Number of protein chains: 2
Amino acid sequence: MPESSDHIAATFAPHDHQECARRALDEAAARLAEQGARLTPVRRRTLEILLESHRALGAYEVLDRLAAEGFGRQPPVAYRALEFLVGHGLVHRLQRLNAFTACLHPGDDHHPAFLICRSCDKVAEAAGVPIRDALSEIAGKGGFRVERATIEAVGLCATCAAGGPA
Amino acid sequence: MPESSDHIAATFAPHDHQECARRALDEAAARLAEQGARLTPVRRRTLEILLESHRALGAYEVLDRLAAEGFGRQPPVAYRALEFLVGHGLVHRLQRLNAFTACLHPGDDHHPAFLICRSCDKVAEAAGVPIRDALSEIAGKGGFRVERATIEAVGLCATCAAGGPA
DNA sequence: CATGAAGCGTTATCTTATTACATCCGGGTT
DNA sequence: AACCCGGATGTAATAAGATAACGCTTCATG
Ligand SMILES: [Zn+2]
Ligand SMILES: [Zn+2]
Ligand SMILES: [Zn+2]
Ligand SMILES: [Zn+2]
């Protein structure tokens, strides 16, 4: 597994995103097959929509695109597909944005910290373990046992800091 | 300043909460006076409502109580008061819960991590600095500069782990 | 007291999310 | 083939969270 900092840099830097998305989709299909879960058309298309950028999309943004392509146009259509994908670790939900983003390396550390660039809106996943350890230690001293944690940062990515994304 | 772990333990343990809330309110009033900001009746009552427990309340929960006490019954009434209090560091917003909680030690570390007990629903503030440092370091390696971070953990507090809150 | 900014209240609207229920489809059973 | 079942999909209706726009009141200040 590559360094987490590489993932971060790679997400924000210009790159062959087609390739990036294709790999993630193949990986997702393989993982679902293993688990005996069905990657139906709506689910597949939902994942593709999220993979088309490194941004996070709101459920209604996803829904609009699905509807435009002939799928149902009621909220549960999008929410169900997203819920399924989140449940299988292929998509993450960002609390700060009320939005969803595709996971680019499912399976590694399924509880990453998220880095959200306020300029280009891209979202990167950072290794969550060390942060979670720090959190658990502090909480543990006060007798609190952490079960799940949400760690989301807003800031500026290297590309934007260097003069804007485009 | 006491250890962060003391704050955590104190929040979840049974204690004289009247006293706890009174201190926070006095502290808040003093800070606002210093800043020349006005603690109007709605704002004061909103803070009191949040201080009445260590829980986080939704904006509409707050609104219901305000309305019942003769204040306005439209959403902006609650949202405005909450926004003011958040802006002055007297109340925190919890993304995970779409809710607000009173700050019990304003001024210390105004960017704490939150510990939310899933059993008793109380919310404690933990020292955020070490966690933020860990996050900044990891992000920095990938060229990302963190500006603000949301750190919220769900788990079980010592009191509940020992056999329930009541 | 005049004046302007801040505060409070209302209506209306928007965004996000869930509940409830009907229908469809694929696979296994009789 | 006819039957049954569970999962997936679709719809309508509604709940929950948040903001925009506007007018009246309050209050510090000169
Ligand atoms: Zn991921
Ligand atoms: Zn950027
Ligand atoms: Zn605080
Ligand atoms: Zn508890």
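Naming convention: chains lettered A, B, ... in sequence-line order (proteins, then strands); numbering from 1 in each chain. Here the structure is a predicted model, which means the values were calculated and not measured.
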Reading nucleotides 17-25 of chain D from the 5' end, what letters show protein touch, with B for base, S for backbone sugar-phosphate only, - for no heavy atom under 4.0 Å? BBBB-----

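- Looking at residues 62-70 of chain A, you'll see that no heavy atom sits under 4.0 Å from any atom of DNA chain D.
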Table please: side-chain donor-acceptor pairs of residues 21-36 of chain B below 3.5 Å, with sequence neighbours left out.
residue	atom	partner	partner atom	Å
Arg22(B)	NH1	Asp26(B)	OD2	2.8
Arg22(B)	NH2	Glu19(B)	OE1	3.2
Gln35(B)	NE2	Arg31(B)	O	3.4

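- For Glu147(B), the side chain to side chain donor-acceptor pair (under 3.5 Å) test picks out Arg118(A), with sequence neighbours left out.
- Mapping heavy-atom proximity under 4.0 Å, the span of DNA chain C touched by chain A runs 5' to 3' from dT16(C) to dT19(C).
- Overall, the helix from dC1(C)-dG30(D) to dT30(C)-dA1(D) carries an axis bend of 10° between its ends, with five pairs at each end and the value rounded to 10°.
- Sorted by first and then second residue, the pairs that involve residues 124-160 of chain B and meet ring-ring contact (aromatic ring centres under 6.0 Å, His included), not counting sequence neighbours, are Phe12(A)-Phe144(B).
- Taking a 4.0 Å limit (strictly below) on heavy-atom distances, residues 35-52 of chain B reaches DNA chain C at Arg38(B), Thr40(B), Val42(B), Arg43(B).
- Applying the salt bridge (Lys or Arg N to Asp or Glu O under 4.0 Å) rule to Glu52(B) yields the partners Arg45(B), Arg65(B); only residues at least two apart in sequence or on another chain are considered.
- Sorted by first and then second residue, the ring-ring contact (aromatic ring centres under 6.0 Å, His included) pairs involving residues 108-139 of chain A (not counting sequence neighbours) are His92(A)-Phe114(A).
- With sequence neighbours excluded, the residues that form a side chain to side chain donor-acceptor pair (under 3.5 Å) with His54(B) are His15(B), His17(B).
- Sorted by first and then second residue, the salt bridge (charged side-chain N to carboxylate O under 4.0 Å, His left out) pairs with a member in residues 78-96 of chain A form an empty list; sequence neighbours excluded.
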